Amino acid sequence: MPAPPPALLWFRRQLRLDDQPLFACPDEPIVGVWVLDPRELLADDPLGFPRCGDRRLKFILESVADLRRSLADRGVDLIVRTGAPEAVLPSLLRESGAGVLRLVEEPGTEERAIEKKLRRAFDDDPSLGTLDPLPPESLHHLDDPRAEAKQLPEVFSKWRRRAEKKLELARPRDTPSRLTAWTGHGLDPGDLPTLASLGRDEPEADPRAVLDFRGGEAEGRQRIADYLFDGDHLRRYKETRNGLLGADYSSKFSPWLALGGVSARRVADETLRYEDQRVANDSTYWLRFELLWREYFRLYLLKHGPRLFQPAGPADRDLGWANPAGHFAAWRDAETFVPFVDANLLELSASGFMSNRGRQNVASFLTKNLDVDWRQGARWFESCLLDYDPASNWGNWAYAAGVGADPRGFRGFDVVGQARRYDPDAAYVRHWLADRFAAYPHADPHTPWAGSGGDSGGGPMPLVDPRRSLAAAEDRWHAAERG
């Protein structure tokens with residue numbers, strides 16, 4: 001049989017060697033490429049802050065550096081370029097003479113637009129060779145995730161029952177023992193950009209952060225080992241997952257999952273190995289349950305595409321946010337003076353991470369209490385979160401705002417009640433707002449503005465009254481439903 005033509009492998013959100021769909025066969029000569037797209041990673045958001053903040057960009061660059069080292073250990077180059085992928089990749093094909101460009105399709109609308117432009121380039125210029133697009137990654141054995149997305153229910157629980165009864169979890173591919181390097185590509189590998197070369201500042205590590213997140217497959221695999229097996233934390237995951245302080249109340253695999261430093265299939269498979277070697281209980285199931293939510297949002301984005309990014313969302317429910325002046329900025333800057341909200345937002349900006357419990361509360365507060373368009377919050381999360389990915393971020397925000405999946409009538413959080421339930425001794429708010437509480441040490445830490453007998457508690461008044469503003473949001477919801 002003739003030798004396979006050299007292939008250019010475009011690493012997008014699969015920055016790993018383990019469970020790597022791009023590796024078609026061990027005898028195929030390959031060279032890798034990673035493209036920094038300035039539109040995604042260097043541009044400013046329309047709201048005035050970087051679309052990708054310094055912490056997230058640092059994590060991305062660390063992940064690419066780790067991938068480059070792993071490929072180099074097997075003799076394979078990773079070409080690094082900056083520019084629009086739809087222009088950079090055809091140019092590399094022409095320059096190198098590679099016969100194949102292989103990529104994994106993504107559910108995001110911007111990513112799909114790039115794929116469409118690449119298909120057009122190959123149609124217009126047959127000399128480019130063969131475009132080999134692989135279907136979007138899936139947690140399950142799916143011949144075509146797009147077909148699954150077309151029939152996706154709008155309620156997660158309905159799809160979950162189908163997934164658990166009729167879909168089979170896919171086993172991860174093993175890390176290849178060898179790869180065939182294409183040594184004759186003739187391409188300049190290029191330097192991996194640094195934050196300084198991109199005009200960005202090195203973010204300072206905050207000692208209050210729950211974990212020192214570092215990008216790369218090696219770090220992601222080590223976190224899995226630490227959490228599941230070395231620390232044996234999975235056996236109590238369901239009981240601890242709503243925690244707020246410390247490294248191990250939750251798995252914190254999401255930053256590596258978002259960039260593909262580890263795959264969802266690998267995480268699921270490791271939980272099954274844990275069950276085989278340690279214990280199977282509600283907690284071990286619950287981590288896979290969270291992976292199902294991630295999978296659902298990927299399919300949801302495939303199904304709805306641009307509708308997910310519209311104000312009314314896929315539910316086509318226009319709630320007419322008033323966007324009062326100053327409300328978004330106060331929320332973003334942790335100056336709502338509701339301690340539970342501000343502490344979570346300070347953690348986000350200072351560390352690039354926030355607990356799931358915190359995310360639900362701050363999203364509810366922005367969209368319900370502050371009456372701000374949910375997409376502004378989604379954009380701020382995109383800038384800050386180490387674990388940003390389009391499907392999970394925008395899907396969760398639409399869900400929280402009441403314009404996305406799983407609609408069940410008005411849903412808003414009593415943030416003070418949530419604070420008392422999940423931070424009963426106020427350790428979390430004191431951890432992040434120590435300087436603020438020093439000014440009013442005797443006030444109730446969750447409602448420092450409220451004292452007994454109608455007197456002030458000594459703390460600053462909140463931007464809005466939490467309970468009254470939530471009641472007003474419910475009135476707006478019912479008015480919108482009545483039309």
Side-chain angles (χ1 to χ4, degrees), residues 106-112 136-140 142 144-167 241-242 254 257-258 264 286-321 354-368 372-382 385 387-413 473-474 476-478 480-481:
E106 291 290 330
T109 56
E110 292 177 335
E111 292 82 354
R112 291 163 74 181
E137 287 193 275
S138 172
L139 183 63
H140 300 94
L142 296 175
D144 185 359
R146 289 159 296 200
E148 180 71 17
K150 288 180 180 178
Q151 60 178 343
L152 189 75
E154 292 299 302
V155 177
F156 166 74
S157 58
K158 291 182 180 179
W159 179 78
R160 176 181 62 83
R161 288 191 291 270
R162 163 176 159 71
E164 292 180 338
K165 290 180 180 179
K166 298 184 178 182
L167 299 181
R241 65 191 176 89
N242 282 311
S254 57
L257 282 166
W286 208 262
L287 188 52
R288 290 194 297 276
F289 174 86
E290 299 293 354
L291 290 175
L292 287 179
W293 261 115
R294 180 180 183 274
E295 184 79 353
Y296 179 80
F297 280 131
R298 286 175 59 82
L299 295 169
Y300 193 74
L301 179 51
L302 271 174
K303 177 181 180 179
H304 290 292
R307 293 180 60 204
L308 181 56
F309 304 93
Q310 300 302 313
D316 196 24
R317 183 178 291 114
D318 187 356
L319 297 176
W321 286 276
M354 188 193 298
S355 69
N356 180 60
R357 181 56 46 185
R359 297 181 200 208
Q360 293 182 56
N361 274 272
V362 302
S364 175
F365 195 79
L366 181 71
T367 60
K368 308 298 196 305
V372 171
D373 185 336
W374 64 278
R375 297 174 303 165
Q376 297 187 35
R379 288 171 174 168
W380 182 238
F381 272 29
E382 177 177 352
L385 279 175
D387 60 15
Y388 170 78
D389 77 75
S392 295
N393 185 65
W394 290 84
N396 271 300
W397 267 98
Y399 174 95
V403 301
D406 219 28
R408 296 178 185 174
F410 178 78
R411 188 180 310 177
F413 282 89
E474 186 168 8
R476 292 194 303 273
W477 170 278
H478 291 305
E481 289 292 275

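Here the structure is a predicted model, which means the values were calculated and not measured.
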[X] [atom1] to [Y] [atom2] distance, which is reported to the nearest 0.5 Å:
X      : Y      : atom1 : atom2 : result
Arg241 : Leu287 : CZ    : CG    : 10.5 Å
Glu106 : Leu301 : CD    : CG    : 9.5 Å
Phe410 : Arg476 : CZ    : CZ    : 8.0 Å
Asn356 : Asn396 : CG    : CG    : 7.5 Å
Ser138 : Asp144 : OG    : CG    : 10.0 Å
Lys150 : Leu152 : NZ    : CG    : 13.0 Å

Applying side chain to side chain contact (heavy atoms under 4.5 Å, CB included), can you list everything that pairs with [X], at least two apart in sequence or on another chain?
X      : answer
Glu148 : Leu142, Gln151, Trp159, Arg162, Leu167, Leu299
Glu110 : Arg51
Asp389 : Ala258, Ala391, Ser392

Review point. Of all residues at least two apart in sequence or in a different chain, which pass the side chain to side chain donor-acceptor pair (under 3.5 Å) check with Tyr399?
Key: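 For Tyr399, the residues satisfying side chain to side chain donor-acceptor pair (under 3.5 Å) (neighbours in sequence not counted) are Arg411.
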**Study point:** Set of side chain to side chain donor-acceptor pair (under 3.5 Å) partners for Arg288, sequence neighbours left out
**Key:**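 Per chain and number, Arg288 pairs via side chain to side chain donor-acceptor pair (under 3.5 Å) with Thr271, Glu275.
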Review point. Given Lys368 and Glu474, is the salt bridge (charged side-chain N to carboxylate O under 4.0 Å, His left out) satisfied, shown in steps?
Key: CA-CA 8 Å; Lys368 308 298 196 305; Glu474 186 168 8; over 6 Å; no
Check your understanding: Using a distance-only test with no angle check, is there a side-chain donor-acceptor pair under 3.5 angstrom linking Trp477 and Glu481?
Key ->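 No, no side-chain donor-acceptor pair sits under 3.5 Å.
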Within the 4.5 Å heavy-atom criterion, are [X] and [Y] side-chain neighbours or not?
X      : Y      : result
Gln360 : Phe413 : yes
Trp397 : Glu382 : no
Thr109 : Leu308 : no
Leu366 : Trp321 : no
Lys166 : Arg161 : no

Ignoring hydrogens and geometry, is there a side-chain-to-backbone donor-acceptor pair from [X] to [Y] under 3.5 Å?
X      : Y      : answer
Asn393 : Ala378 : yes
Arg317 : Gly402 : yes
Glu295 : Leu139 : yes

Practice item. Can you tell me which residue pairs pass the salt bridge (charged side-chain N to carboxylate O under 4.0 Å, His left out) test with a partner in residues 299-312, sequence neighbours excluded? Key: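 Sorted result for residues 299-312: Glu154-Lys303.
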Point to revise | Partner of Trp394 under ring pair (Phe, Tyr, Trp, His ring centres under 6.0 Å), chosen from Phe297, Tyr300, Trp374 | key: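 For Trp394, the ring pair (Phe, Tyr, Trp, His ring centres under 6.0 Å) check succeeds only for Trp374.
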Check your understanding: Step by step, would you call Asp387 with Arg294 a salt bridge (charged side-chain N to carboxylate O under 4.0 Å, His left out)?
Key -> CA-CA 12 Å; Asp387 60 15; Arg294 180 180 183 274; over 6 Å; no
